[in-house]
Amino acid sequence: MLDAKFIRQNADLVKAGAKKKRVACDVDGFIALDSERRELGQRADELRSVQKSAGKDIAQASNEERPALLEAQKAVKTELKALEERLGAVETGMRDLQLVIPNVPADEVPEGADDTDNVEVRRVGEAPSFDFEAVDHIEIANRQGWLDIEAGARLAGSRNYVLIGDLALLEGAVLQFAFDHMIAKGFVPLSVPMLLRPEPLYGTGYFPGGEEQTYRTDDRDDLYLAGTSEVPVTALHADQILALEDLPKRYVARTTCYRREAGTYGKDTKGIYRVHQFQKVEQVILDVADEANSIEQHHAILRNSEEVMQALDLPYRVVNVCGGDLGVPHVQKFDIETWMPGRDAFGETHSASRFYDYQARRLGLRYRDAEGRVQHCHTLNNTVAASTRMLIALLENHKWGDGTVRVPEALRPYVGGREGLGRPVE
RNA sequence: GGAGGCGUGGCAGAGCGGCCGAAUGCGCCGGUUUUGAAAACCGGUUUGGGGCAACUCAACGGGGGUUCGAAUCCCUCCGCCUCCGCCA
């Protein structure tokens, strides 16, 4: 969330940012509550001060004077209690409004309502041309007996799948390659829980708002299945004050991800493009509160993932995500969209996000700067590889006419040195 | 799942319902001393809100209650530890 003082002093900027993001929120209402809060707070402070010193007098008073003092204290107590009740209500109201006031998008974020307004930054690699029948990942996988979507549905409902044989192998290969790539860059590998308490989801900005997209256990546990390891990893140091020399924290996590995909009926129903469960390698950076540094880190995490795509010979483009397609906590986001011949289009495979201190403030994630002041960290994250969409891209871009699939050189060590997967068909 | 114990500042560890935002030790920062370092000695060292400031208020796992007054008493939730049971 944004700092209350910042909102107060930059109301127009905050409103313009919300408008650019197409987010409805009540900035004026928040500011009104904030000023009421300060007024009530000051009065309450005074009353408590009176109560405190009067209490000390009572302790030392003689038996004759004590009843009168007690009587006066009761009046203070009554007034204070009423005041605190109002203050509590005001603070709750503020909190509710503050949680949905979005972060201010960067000037470089394009205007626009949805993903069709995202702006292409660059294209890398050539879309392959085939001199044989163009088939999509479903067809390729089915010919090799690699994919069973019906079995996925029987086991777990729609948007589930079973990978079999070489495709299951390829999934492991691409994830391990991505993991190793980040570890070689000095990122610390993590294995983290994905069944989470609500706090990390609020802290990273998924809640409020994302509840419908998130699986929840029943009220015996009140835990949530996160859609990305960004949530537990960014929240790893919540409520801590890190030492300056511990920053930046650079983490890479490999986890399963769970998404309800509510409200997407009929969208991307074929194949494994939009599914409830997949595997993902994610990079997360926690660093000092310095905008220029954050921008630099943003480019670095984008570059890390582009290196993976280039090593896998996959054609992609980078888009600058427009205001209307940005999330509440984001300052700016670059997506990598990978060419998917079966869709005859680019499909989103990566999201590189920069938040400044928006998540850190919600999380209580802080550090002590060189002057000894406590500051909120800046946070960033990017996908390194998400299993299902990478598999689509690998199958569809690297297919051969005989039904087999080429393994890019970088992945060969992970599949026992093989250059191709599957056996020739027809 | 059953029984019991415990949650205090970076760590360890005191704390009678008012004199406790909190003893003491360690650590850390600054100073004295020293050629330099160590040791010793002196001083400083939680976080958050409000205020230009002096300053003030809040917080002793979270929430609620009792009381004129709660770190201290009661309830509840969360977490940790020990023992028993069950299980990957």
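By convention in this document, chain letters (A, B, ...) are assigned in the order of the sequence lines, proteins followed by strands, and residues within each chain are numbered from 1. Computed over heavy atoms, backbone and side chain alike; hydrogens, waters and symmetry mates excluded.
- A donor and an acceptor atom, one from each side chain of A/S305 and A/H350, are nowhere located under 3.5 Å apart.
- Within 4.0 Å of A/V374, counting heavy atoms only, lie sugar-phosphate atoms of the nucleic acid but no base atom.
- Distance check on atom C1': B/C11 versus B/G1 gives 35 Å, rounded to whole Å.
- Around atom CD of A/E46, more than 12 heavy atoms belonging to other residues, nucleotides or ligands sit under 6.0 Å away.
- Contact between the side-chain N/O atoms of A/R366 and the OP1/OP2 oxygens of B/U47 is not found at any separation under 4.0 Å.
- Contact check on A/R406 versus A/D313 returns a salt bridge, with a Lys/Arg side-chain nitrogen under 4.0 Å from an Asp/Glu carboxylate oxygen.
- The pairing partner recorded for B/U24 is B/A12, the criterion being a Watson-Crick or G-U wobble arrangement whose two distances lie under 3.5 angstrom.
- Judged by Watson-Crick or G-U wobble contacts below 3.5 Å, the nucleotide B/C6 has B/G79 as its partner.
- For B/G43, the paired nucleotide is B/C29, the pair qualifying as Watson-Crick or G-U wobble because both relevant distances are below 3.5 Å.
- Taking atom C1' on both nucleotides, B/G5 is separated from B/G49 by 36 Å, rounded to a whole Å.
- A/R368 has no side-chain polar atom (N or O) that falls below the 4.0 Å cut-off from OP1 or OP2 of B/C28.
- Salt bridge A/R259/A/E261: absent, no basic N to carboxylate O contact under 4.0 Å.
- B/U46 and B/C28 are spaced 14 Å apart, taking the C1' atom of each and rounding to whole Å.
- Side chains of A/H276 and A/Y215: a donor on one and an acceptor on the other come within 3.5 Å.
- Using atom C1' as the reference point in both B/C6 and B/G61, the two lie 11 Å apart (nearest Å).
- Within the 3.5 Å criterion, the main-chain N or O of A/Y316 finds no donor-acceptor partner in the side chain of A/T338.
- Using a cut-off of 4.0 Å between Lys/Arg side-chain N and Asp/Glu carboxylate O, A/R8 and A/D34 are scored as salt-bridged.
- Distance check on atom C1': B/G48 versus B/G21 gives 13 Å, rounded to whole Å.
- Using N1 to N3 plus N6-O4 or O6-N4 for Watson-Crick, or N1-O2 and O6-N3 for G-U wobble, each under 3.5 Å, B/C52 pairs with nothing.
- Atom CZ of A/R86 has 12 or fewer neighbouring heavy atoms from other residues, nucleotides or ligands inside a 6.0 Å radius.
- Comparing the same atom, C1', in B/A71 and in B/U8 gives a spacing of 7 Å after rounding to whole Å.
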Checklist outcome for this item: Once base and sugar-phosphate atoms are separated, protein heavy atoms under 4.0 Å mark nucleotides 6-13 of chain B, 5' to 3', with B, S and - as --------
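- Atom C1' of B/G15 sits at a distance of 8 Å from the matching atom of B/A23, rounded to the whole Å.
- Remark: aromatic rings of A/F334 and A/H298 are close, center separation under 6.0 Å.
- Scored by the ring-ring contact (aromatic ring centres under 6.0 Å, His included) test, A/Y224 finds A/F207 as partners (sequence neighbours excluded).
- In this structure, B/A37 forms no base pair with any nucleotide, since neither Watson-Crick nor G-U wobble geometry is met with both distances under 3.5 Å.
- For the P atoms, the distance from B/G2 to B/U76 is 15 Å, rounded to whole Å.
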Item to check | Sugar-phosphate or base contact per nucleotide [nucleotides 58-77 of chain B; S, B, -; heavy atom under 4.0 Å] | outcome: S--------BBS--------
